[in-house]
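Worksheet: one structure, shown below.
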Amino acid sequence: GFVYTNFHSFWRFISDVRLKANFNHSYLSATDLAFFIPTIQNNKLNVNIDGEINGSIDRLQFRNFIASTGSHTQFKGSFGIKGLPVKENIFISMTNAGVQTDAYDLEQLIPSKGLQKKLEPAGLIVFNGNFFGALKDFNATGNLVCKLGLIKSDLFMNLNFDDLNQSTYHGNLALENFDLGKLTGKD
């Protein structure tokens, strides 16, 4: 529902009207999500969601949130989003979040020539950690576990959704029992 001081709050809906919602086995279409994630514009995947949303549009809080799509993709955690509805102003802050996916689902979410083939050897990919920043420019810290081994990361990423090969990052990566040869095709 909506929480507001008086009817005049609706003149500044984005900042002055609070949303309070509990989702239980709810559904979002890929068309709705394309506003926030432009790479899925032509995608047919839909997202099932559970959790609580509270706050104004420009300062939303998501608690106990679970979102799943595809065969193996799921997000679990609590996080905040500031800056909506302007995509360029979006800032996401999440701690102790969990994400899992596989090569096929990831290719559906981020279409990129050859991505699925490159990541297939990894199998199920599970990341637990923190994320702070914009959709294209962010800091991610945490652990990624897959069939190939463990990656511990503290990275600053700058993604180029038009050409992922032009994306850049800097920071620290530590590989433990990780088969890099299988990932690169040089085993």
Side-chain angles (χ1 to χ4, degrees), residues 3 14-15 17-28 32-40 45 47-70 72-103 105-106 108-110 119 122-161 164 167-178:
V3 179
I14 300 298
S15 62
V17 176
R18 285 186 40 225
L19 304 174
K20 288 188 90 162
N22 290 313
F23 293 94
N24 188 13
H25 303 292
S26 300
Y27 155 92
L28 277 173
D32 297 330
L33 290 172
F35 176 81
F36 305 103
I37 309 169
T39 59
I40 65 169
L45 288 177
V47 180
N48 297 306
I49 58 173
D50 291 279
E52 303 167 23
I53 298 177
N54 190 4
S56 59
I57 296 291
D58 62 350
R59 291 181 156 276
L60 286 174
Q61 292 294 318
F62 296 75
R63 290 192 178 83
N64 304 316
F65 208 72
I66 301 171
S68 58
T69 189
H72 298 101
T73 300
Q74 185 178 66
F75 166 87
K76 287 183 180 182
S78 297
F79 61 100
I81 298 178
K82 295 179 182 175
L84 287 173
V86 180
K87 284 189 269 190
E88 294 77 21
N89 294 344
I90 293 174
F91 185 90
I92 301 169
S93 172
M94 69 177 77
T95 55
N96 300 318
V99 178
Q100 74 174 36
T101 192
D102 65 5
D105 283 0
L106 201 54
Q108 303 307 304
L109 294 168
I110 307 172
L119 292 179
L124 187 65
I125 302 164
V126 179
F127 177 82
N128 288 295
N130 309 311
F131 180 102
F132 300 97
L135 295 174
K136 292 184 177 183
D137 190 20
F138 57 87
N139 172 241
T141 60
N143 296 327
L144 185 143
V145 179
C146 65
K147 276 188 193 178
L148 302 175
L150 168 68
I151 300 174
K152 294 182 178 185
S153 70
D154 183 2
L155 294 177
F156 292 89
M157 303 283 295
N158 187 308
L159 296 179
N160 181 334
F161 287 119
L164 287 176
S167 297
T168 59
Y169 68 92
H170 68 278
N172 296 306
L173 277 179
L175 306 179
E176 292 183 14
N177 299 316
F178 195 88

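Quick note: numbers below take in every heavy atom, side chains included, and nothing from hydrogens, waters or symmetry partners.
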Restricting to ring-ring contact (aromatic ring centres under 6.0 Å, His included), what partner residues turn up for F138, sequence neighbours left out? F131

Decide yes or no for N48 and T69: does some side-chain heavy atom of the first lie under 4.5 Å from some side-chain heavy atom of the second? no

Applying side-chain contact (heavy atoms from CB on, under 4.5 Å) to I92 and M94, what does each step give before you reach the verdict? CA-CA 7 Å; I92 301 169; M94 69 177 77; 3.7 Å; yes

Taking the side chain as every heavy atom from C-beta outward, state whether S26 and D50 have any atom pair closer than 4.5 Å. no

Measure the spacing between CZ of F132 and CZ of F79 and express it to the nearest 0.5 Å. 13.0 Å

Is there a side-chain contact between F127 and N143 in this structure, where contact means two heavy atoms from C-beta onward sitting under 4.5 Å apart? no

Distance check, rounded to the nearest 0.5 Å: N160 atom CG versus S167 atom OG? 5.5 Å

Over all atoms of both residues, closest heavy-atom pair of I14 and P85: CG2-CD, 3.9 Å

Just jot down the side-chain hydrogen bond (donor to acceptor under 3.5 Å, both in side chains) partners of T73, sequence neighbours excluded, or say none. T101, D105

Can you sort out the partners of N130 under side-chain hydrogen bond (donor to acceptor under 3.5 Å, both in side chains), two or more places apart, ordered by chain and number? T141

Validation row: L124, H72 side chains within 4.5 angstrom (heavy atoms): yes

Does any part of the side chain of L144, heavy atoms only, come nearer than 4.5 Å to the side chain of I125, both counted from C-beta? yes

Please collect all side chain to side chain donor-acceptor pair (under 3.5 Å) contacts where either partner lies in residues 147-159, sequence neighbours excluded, each pair once. N139-D154, K152-E176

CG on N128 to CD on Q100, rounded to 0.5 Å: 9.5 Å

Pairs involving residues 91-103, ordered by first then second residue, that meet salt bridge (Lys or Arg N to Asp or Glu O under 4.0 Å) (sequence neighbours left out): none

On a heavy-atom basis, the closest approach of S15 and S56 is O-CB, 3.6 Å

Can N177 and L150 be said to form a side-chain contact (heavy atoms from CB on, under 4.5 Å), step by step? CA-CA 7 Å; N177 299 316; L150 168 68; over 6 Å; no

If I compare all heavy atoms of I90 with all of L84, which pair ends up nearest, and what's the gap? CD1-CD2, 3.4 Å

Please determine whether side-chain contact (heavy atoms from CB on, under 4.5 Å) holds for the pair N172 and L155, giving the CA-CA distance in whole Å, both sets of side-chain angles, and the decisive distance to 0.1 Å. CA-CA 6 Å; N172 296 306; L155 294 177; over 6 Å; no

I'd like to check V99 versus Q74 (side-chain heavy atoms, cut-off strictly below 4.5 Å). Are they in contact? no

F65 side chain reached by I49 side chain, heavy atoms, under 4.5 Å: yes

Full working for side-chain contact (heavy atoms from CB on, under 4.5 Å) between N89 and F91: CA-CA 6 Å; N89 294 344; F91 185 90; over 6 Å; no

Where is the tightest heavy-atom contact between I151 and L175, given as atom of each residue plus distance? CG1-CD2, 3.4 Å

Gap between atom CZ of R18 and atom CD1 of I53 - 0.5 Å precision: 13.0 Å

Side chain to side chain contact (heavy atoms under 4.5 Å, CB included) involving R63 - partner list, sequence neighbours excluded: E52, N54, Q61, S78

Contact between F75 and S68 at the side-chain level, heavy atoms closer than 4.5 Å - yes or no? no

Looking at G55 and L60, what are the two nearest heavy atoms and their distance? O-CD2, 3.5 Å

